Amino acid sequence: MTSIAFIGLGNMGGPMAANLVKAGRKVTGFDLAAASCDAAKADGVAIAASAIDAVKGASVIVTMLPAGKHVRAVWGEILPHLAKGSLIIDCSTIDVESAVEAHAQAARHSIASIDAPVSGGTGGAKGATLTFMAGGSAAAFAAAKPVLELMGKKIVHCGGAGAGQAAKICNNMILGISMIAVSEAFTLAEKLGLSHQALFDVASTSSGQCWSLTSYCPVPGPVPASPANNGYKPGFAAALMLKDLRLSQEAAKAAGAATPLGAHAADIYTAFEAAGNGGADFSGIINYLREQAGKWS
Ligand code: NAD
């Protein structure tokens, strides 16, 4: 049976590794944080003393780390120790350049690799309902898919090395911009004396319809499960949205794409975070916009 190593057992990696255990796989994990190791151990993950120890005997290696520099460092450390024929999968959200470089590192060691960032948040990680956006060769994707299916419900092959990261940041740039657009519409409606429900009933079945409105409405009421009904507890923290918007702007700059609304959305979330809201759900941006009343003309 496939033996899996899992490096990075935090808010996402912990429950993802636990789902691999639940599916009957032998999982050996490592994380720098003792608390993450303890939680994963309670879920049945065998904890190794180092990343190098964790990958010994593994045929599939998954990394779920904060940023590109961590992925490059960890892959650089473990790649020389991987068994011939093994597969390495990075599920972190990182910059496209680091993802492409990580694939090149793996290729230098003749190891198959996939970038497979996720959407679905901690709820999706716990429930094994994540969407994976994968980049890499067709053969590497075919090998990765059965493993990813144990942690998610939709697995999309987006193209070659780095294509998964490209899809992730393009999607989240749409999300950041559309959440601000929906929030602006509600703040304008409030000033015009239009009820939240009336705007929702019209826009949700008209040309303003989008996920930020119909699944994640930033005002309480119309969509009972949205974080607006729960004091804007995440959900998807504003700091993570800002991270993804910044990655989109780095990529746009490097590739020479014009993304003026993406740039503006990053500025707005930067101000929201600077005001102490990084830990709030990103839909809380509506409260920031209300505070800006009279400051924009
Ligand atoms: P987290 O901070 O909870 O977990 C990251 C873990 O990596 C930590 O436990 C940390 O100790 C560990 N780590 C860092 N460097 C390490 C190293 N060298 N060796 C071993 N372990 C190391 O973050 P998270 O919320 O689990 O997010 C992980 C990734 O998933 C990020 O790239 C994030 O952008 C992405 N993501 C998160 C969410 C979410 O809702 N939290 C949603 C989608 C994508």
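All values reported here derive from a predicted model rather than from experimental measurement. Atoms within a ligand are numbered from 1 in the order they appear, just like the ligands themselves.
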Minimum heavy-atom distance [X]-[Y], with the two atoms named:
| X | Y | answer |
| --- | --- | --- |
| G235 | D281 | CA-OD1, 3.4 Å |
| V27 | A17 | CG2-O, 4.2 Å |
| C37 | D31 | SG-O, 3.3 Å |
| G57 | S3 | O-CB, 3.8 Å |

*Side chains of N287 and E291: donor-acceptor distance under 3.5 Å anywhere?*
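Looking only at side-chain atoms, E291 and N287 do not form any donor-acceptor pair under 3.5 Å.
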*List, ordered by chain and residue number, the protein residues whose closest non-hydrogen atom lies under 4.0 Å from any atom of ligand 1.*
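Within 4.0 Å of ligand 1, the protein residues are I7, G8, G10, N11, M12, F30, D31, L32, A33, S36, M64, L65, P66, H70, V74, S92, T93, V118, G121, T122, K168, L240, K243.
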*Sub-6.0 Å ring centroid separation between F272 and F282*: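 When the ring centroids of F272 and F282 are compared, they turn out to be at least 6.0 Å apart.
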